[in-house]
Every structure is written in C-alpha cells, then in structure tokens.
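Have a look at the structure below before the remarks.
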Amino acid sequence: MAATVDFPVVCERITDMLDIRSLRQDLDATVAALASRGFELDRERFESLEARRKALQVRTQELQNERNTRSKGIGQAKARGEDIEPLKAEVGRLGDELKQCEADLHAVQQELDALLMRIPNLPQKDVPVGKDEEANVELRREGTPREFDFTPRDHVDLGLPGGWLDFEAAVRVAGSRFVVMRGDMARLHRALTQFMLDLHTQQHGYQETYVPYLANPESLEGTGQLPKFDEDLFSVDCDQRFRLIPTAEVTLTNLVREQILEAGALPLKMTAHTPCFRSEAGSYGRDVRGLIRQHQFEKVELVQVVHPEQSDAALEELLGHAEAVLQALELPYRVVLLSTGDMGFAAARTYDLEVWLPGQQAYREISSCSNFEAFQARRMQARFRPEAGSKPELVHTINGSGVAVGRALVALLENHQQADGSIAIPERLRPYLGGTSLLKPPSEQ
RNA sequence: GGAGGGGUGGCAGAGUGGUUGAAUGCACCGGUCUUGAAAACCGGCAGGGAUUCACGUCCCUCGUGGGUUCAAAUCCCACCCCCUCCGCCA
C-alpha cells in the first residue's frame with residue numbers, strides 16, 4: 001500500500017494553510033512570525049514558485065479567453081451556414097500551447113500547495129516566543145496540592161491491586177500503551193465521561209454530538225493533522241482513505257467543512273465523547289508507565305465555531321469550561337500559556353491545563369485549549385455569511401479537551417487516594433456512581 | 001456482495017454538443033404600495049481565482065479526476081457518494 005496519498009485540492013488556490021495574500025503582500029512579516037515558532041520558510045522557493053505561477057496563470061487565462069472567443073465564433077459561423085474548417089484549424093493550433101500551459105500551471109500549483117500546506121499557523125502577537133515548553137508561561141494556579149500524612153502512591157500502584165488496572169492483559173490482547181480496566185475502575189472511567197458530558201451540555205451550552213471515529217484524509221487535512229503528521233496517526237489497513245481519529249476535534253470541527261453558515265447559526269458549540277488513537281511515534285521511552293500516554297484513550301472534546309471577532313473571547317470561555325471539570329473534581333491545576341515553540345501546528349494561541357499528580361510530584365497536561373483563528377476554516381473552506389446577501393467569510397474555530405478522561409482518572413486516583421489505597425469520590429461525581437463516596441480495591445473488599 | 005436509478009446554485013428542479021454559469025419556483029436582499037405587516041408588483045441574488053489604485057476585464061467550477069472536440073452540465077473512461085430492491089449482518 002502506498003504510504004502517500006494524493007490530497008485533493010478542494011478549490012484551486014484556497015486550500016493554503018495561511019492566507020496566500022498575506023504571504024504575497026507581507027512576506028517579511030510572515031517569515032518573521034513563522035520563524036518565531038521555529039519554522040523556516042524557504043522564501044526563495046516560495047517566491048520563485050509564485051513568480052512562475054503568476055506568469056503561467058496569466059498566460060493560460062489569455063489562451064483560454066482566446067479559445068472561448070473563437071469557439072463561439074465558430075458556433076455562430078456554423079449557424080450561418082459558413083465553412084468552418086479554416087477556423088477550426090486555426091484554433092486547433094492554439095490548443096496545443098494552451099494544453100502545455102495548463103499542464104505546467106497545474107504542476108506549479110501542486111508544488112506550491114504542497115509547500116503551503118506544510119506551513120504552520122501564525123502565533124498571536126502576545127504569545128511568548130521560545131523554542132519549547134521551557135518558554136511557556138504559567139498564568140495561575142488553582143487549588144492547593146494536598147498534604148499527605150503518608151507517602152502517596154502513583155495511579156499504577158493504586159490500580160494494580162485486584163486488577164482495577166491490568167497492563168499485562170492489555171499487552172496480551174493488543175500491545176504496550178494499552179490498558180484493561182475492571183470493575184469499579186471501568187465504572188469510574190465511565191462515570192467521569194458521563195459527568196463531563198452532562199456538565200458541558202447542561203451548564204455550558206454545548207450540543208452533544210456523536211461522530212465517526214474514522215476520518216477521511218480531507219478532514220484530517222482540514223484540521224491540520226495532514227499532510228505533515230501522518231506518522232502520528234493510525235491508518236486503517238483495508239481502506240487507504242481512513243485514519244483513526246487522534247481527537248474528536250477532527251470529526252467535530254469538520255462538520256462545517258465546505259459549509260456556508262448563516263451568521264445567526266454562530267456560535268456553534270459542540271461536544272463529543274470519543275476514543276482517540278495516537279501512534280505516539282517518536283515518544284519511545286516517555287511515560288511508558290501507566291495511563292498517561294496510551295495509543296487509545298477517551299476524551300470529551302469541546303469545539304466552537306465562531307464569528308472571527310469572537311474567537312479570543314470564545315477561547316477564554318472554553319478554557320473556563322474545561323477548568324470547571326477540574327474544579328468539580330476537586331483537582332489542583334495550573335493554567336499555562338504555551339510558547340510559540342510548544343504550540344501545535346494549527347494553533348494561533350493555546351492554553352494548557354496541567355493537573356497536579358502527587359504520584360509524579362508534577363503538573364501534567366490534562367487539557368489543551370486553542371484558537372485556530374481562520375487556519376482550519378481556510379483549509380476546510382468553512383465560512384459564514386456576515387449578513388444576508390453578503391459575501392461569505394471564513395469562520396474561526398476553537399477547541400479544547402474538556403477533559404482527557406484517562407488522565408482525569410489518573411488525577412482522581414492520585415489526588416483522592418487514602419492511606420489504605422481506597423479512593424475518595426468528590427461530591428459532584430457521586431451521583432454517577434450510585435452515591436458511592438469511597439472506592440475500595442477489590443482485594444480489600 | 002448482486003441488480004437498477006441518480007449526483008446541477010442556500011433548497012427544489014429544468015437542461016443531452018455551440019452566445020447556458022445555467023430556465024423556473026422557493027428562500028434571501030433592496031424598492032414600490034401599506035398606519036404597520038402580509039399579499040402583489042419591480043429589481044437584485046452561486047462560489048472561487050487572476051489582473052487593476054479603482055471602475056472594470058478575464059479565467060475556473062454543473063460529485064471528483066482524466067479523455068474526445070474548435071467547443072462539454074450535455075459524449076467516453078475511472079473513482080467517490082446517495083437512493084431503491086435482493087442477500088448478509090450488530
């Protein structure tokens with residue numbers, strides 16, 4: 001099976017990840033902004049491709065115009081009963097040059113598109129500049145890490161007794177970086193999911209949505225996973241087109257792909273609970289212990305499709321929605337503004353929520369909330385009509401985890417553990433566990 | 001999996017080689033009328049791109065990609081998707 005797939009160009013010239021006009025008109029500033037996030041744009045290559053594209057496009061359109069005009073003339077001459085053979089011969093010669101021009105133009109545009117599709121989004125002006133997570137800025141801490149009067153265990157030690165968590169079984173049925181959960185652990189995992197969905201749909205105004213767990217390349221291209229990051233994804237063997245979704249962001253956000261929404265439909269607020277599949281290529285040796293980094297995990301995702309002027313405010317709002325989950329679960333966390341070097345490919349601004357893990361004595365990412373501005377919208381051709389009758393404009397897209405279920409489970413176990421290995425259930429979660437306030441490992445029941 | 005039918009503008013729906021980027025209806029926008037609204041009438045109304053200070057001019061798009069032709073929504077090929085019937089199936 002071919003490792004590469006031809007990515008269809010939705011519409012000539014507009015699938016670029018960045019607005020190509022900003023590249024043409026303000027190349028210096030764009031190059032500088034990209035450099036701030038560690039991306040070196042080959043500007044000579046871009047400029048030469050652009051120059052060739054322009055010359056070829058102008059020439060091609062001239063020739064097309066001439067062909068169209070003459071063909072119409074032939075039609076009219078024929079209608080008058082005149083001899084059209086000489087006319088035909090003349091246009092025929094024109095057609096040869098046209099064909100060559102069209103082919104050349106097509107090739108140049110393919111090359112240009114391939115280049116453009118691999119350029120990341122521009123960071124917002126106030127995003128801290130840096131090459132990696134070292135440059136991230138901690139904005140605030142919420143909640144206080146608990147003082148233990150015993151040595152807190154990590155979630156693996158807490159989960160192993162009685163088979164709550166079974167990594168060996170998972171290796172047997174699948175491989176490393178998978179887990180099997182049993183009994184109350186599986187139930188707690190489900191309870192967390194249900195709680196999060198209810199919170200977002202009932203308190204935060206999101207519409208619960210069920211989406212496919214397999215996505216086509218066009219969708220993955222739309223949200224920015226392709227063409228650059230195919231190695232991070234699982235492909236389905238029997239059908240070259242499908243990838244397993246690495247996040248519900250893909251299928252949720254792409255619901256508006258190639259749509260023109262009425263302004264009144266915005267903002268669109270959607271939430272979905274899905275499994276997420278990641279190959280974790282290149283993360284060998286990192287977080288090999290426990291649930292932190294798995295090939296398959298569950299997430300409740302929040303997505304908003306908004307008016308461009310609203311996206312900054314929407315991101316703050318969405319961040320609050322993710323925080324509400326941690327607050328309800330009585331988990332200490334901090335809010336981090338990612339630096340240019342640590343942000344994802346498609347993001348213009350990202351906040352991470354990092355939850356305190358007593359087992360690691362560290363804050364670990366449990367949610368990532370980003371504003372993509374028009375980046376994904378441009379790739380998806382997702383637009384809205386500002387006013388009835390006006391030209392469509394690109395929407396802005398926002399998303400965030402609300403929150404990663406597996407990691408929430410980890411945080412819950414480690415933060416609410418008791419000296420005897422049992423787990424205290426926060427008030428807000430108890431209704432989802434039949435009122436239970438304490439979970440005891442099976443071996444001690 | 002087998003047999004058949006079909007993909008046209010926001011929607012519905014004409015259109016089988018030539019001035020059709022596309023009739024007509026609905027929706028929508030502007031106007032006339034009305035105390036106001038409705039109705040009626042008049043006008044406008046696809047998306048994208050190139051070029052231009054601008055007006056404008058031009059190009060592309062009728063599921064997608066190729067092909068035939070001076071000329072393709074219309075003919076040919078491949079693929080994708082949808083519908084109906086049969087089979088199978090959670």
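So that the names make sense, note that chain A is the first sequence line, chain B the second, and so on, each numbered from 1.
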* Asked: Are the side chains of A:Leu438 and A:Ile423 in touch, meaning some heavy atoms are under 4.5 Å apart?
  ->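 Result no, sub-4.5 Å side-chain heavy-atom pair not found.
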
Could you tell me the separation between the [atom1] atom of [X] and the [atom2] atom of [N], rounded to a whole number of Å?
{"X": "A:His106", "N": "B:G67", "atom1": "NE2", "atom2": "P", "value": "10 Å"}
{"X": "A:Glu218", "N": "B:C81", "atom1": "CD", "atom2": "P", "value": "10 Å"}
{"X": "A:Arg257", "N": "B:G63", "atom1": "CZ", "atom2": "C1'", "value": "13 Å"}
{"X": "A:Gln64", "N": "B:U61", "atom1": "CD", "atom2": "C1'", "value": "12 Å"}
{"X": "A:Glu50", "N": "B:U51", "atom1": "CD", "atom2": "C1'", "value": "13 Å"}
{"X": "A:Gln57", "N": "B:U57", "atom1": "CD", "atom2": "P", "value": "19 Å"}
{"X": "A:Glu62", "N": "B:U51", "atom1": "CD", "atom2": "P", "value": "12 Å"}
{"X": "A:Gln110", "N": "B:G66", "atom1": "CD", "atom2": "C1'", "value": "14 Å"}

Measuring only the [atom1] atom in each nucleotide, how far is [N] from [M]? A whole number of Å is fine.
{"N": "B:C76", "M": "B:G6", "atom1": "P", "value": "13 Å"}
{"N": "B:G56", "M": "B:U74", "atom1": "C1'", "value": "32 Å"}
{"N": "B:A14", "M": "B:U20", "atom1": "C1'", "value": "12 Å"}
{"N": "B:G10", "M": "B:C29", "atom1": "C1'", "value": "13 Å"}
{"N": "B:G17", "M": "B:C75", "atom1": "P", "value": "8 Å"}
{"N": "B:C26", "M": "B:U68", "atom1": "P", "value": "43 Å"}
{"N": "B:G15", "M": "B:G7", "atom1": "P", "value": "11 Å"}
{"N": "B:U32", "M": "B:G21", "atom1": "P", "value": "35 Å"}

* Does anything in residues 198-208 of chain A pair up under side chain to side chain donor-acceptor pair (under 3.5 Å), and if so which pairs, sequence neighbours excluded? ->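 Pairs touching residues 198-208 of chain A that pass the test: A:Asp198-A:Tyr432, A:His200-A:His204, A:Tyr206-A:Gln304, A:Tyr206-A:His321.
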
* Check A:Val156, A:Leu291, A:Val180 against A:Leu165 for a side chain to side chain contact (heavy atoms under 4.5 Å, CB included) and give me the one that passes. =>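 Checked A:Val156, A:Leu291, A:Val180 against A:Leu165; only one passes side chain to side chain contact (heavy atoms under 4.5 Å, CB included): A:Leu291.
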
Can you tell me which nucleotide in [options] comes closest to the side chain of [X]?
{"X": "A:Val58", "options": "B:U51, B:C59, B:G48", "result": "B:U51"}
{"X": "A:Asn65", "options": "B:U19, B:U51, B:C58", "result": "B:C58"}
{"X": "A:Gln61", "options": "B:G66, B:C60, B:C58", "result": "B:C58"}

* To do: Decide ring-ring contact (aromatic ring centres under 6.0 Å, His included) for A:His307 and A:Phe384; before the verdict, give the C-alpha distance in whole Å, the side-chain angles of both, and the deciding distance to 0.1 Å.
  => CA-CA 8 Å; A:His307 189 289; A:Phe384 76 106; 5.0 Å; yes

Do any N or O atoms of the protein come closer than 3.5 Å to N or O atoms of nucleotides 69-78 of chain B, and which pairs are they?
from	atom 1	to	atom 2	distance (Å)
B:C70	O2'	A:Ser71	OG	2.9
B:A71	O4'	A:Ser71	OG	3.1

* To do: Would you classify A:Gln76 as touching base, sugar-phosphate or nothing, given that sugar-phosphate means primed atoms plus P, OP1 and OP2, and contacts are heavy atoms under 4.0 Å?
  =>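 Contact class for A:Gln76: base.
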
* Taking 4.0 angstrom as the limit, do A:Arg349 and A:Glu373 come out as a salt bridge? ->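 Salt bridge: no.
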
* Asked: Where is the tightest heavy-atom contact between A:Glu301 and A:Ala248, given as atom of each residue plus distance?
  ->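 Closest pair (atom of A:Glu301, atom of A:Ala248, distance): CB-CB, 3.7 Å.
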
* **Closest-nucleotide ordering on RNA chain B, the 5'-leading residue of A:Arg385 and A:Lys54** =>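 By nearest-heavy-atom nucleotide position, the 5'-most residue is A:Arg385.
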
* Asked: Mapping A:Arg383 and A:Glu66 onto RNA chain B by nearest heavy atom, which one lands closer to the 5' end?
  ->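 Nearer the 5' end of the strand: A:Arg383.
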
* To do: Sort and list the pairs that fulfil salt bridge (charged side-chain N to carboxylate O under 4.0 Å, His left out) and have at least one residue in residues 62-72 of chain A, not counting sequence neighbours.
  =>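 Passing the test, one end in residues 62-72 of chain A: A:Arg59-A:Glu62, A:Glu66-A:Arg70, A:Arg70-A:Glu90.
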
* Side-chain H-bond candidate by donor/acceptor type, A:Gln376 with A:Glu249, under 3.5 Å ->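 A:Glu249 and A:Gln376 do have a side-chain donor-acceptor pair below 3.5 Å.
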
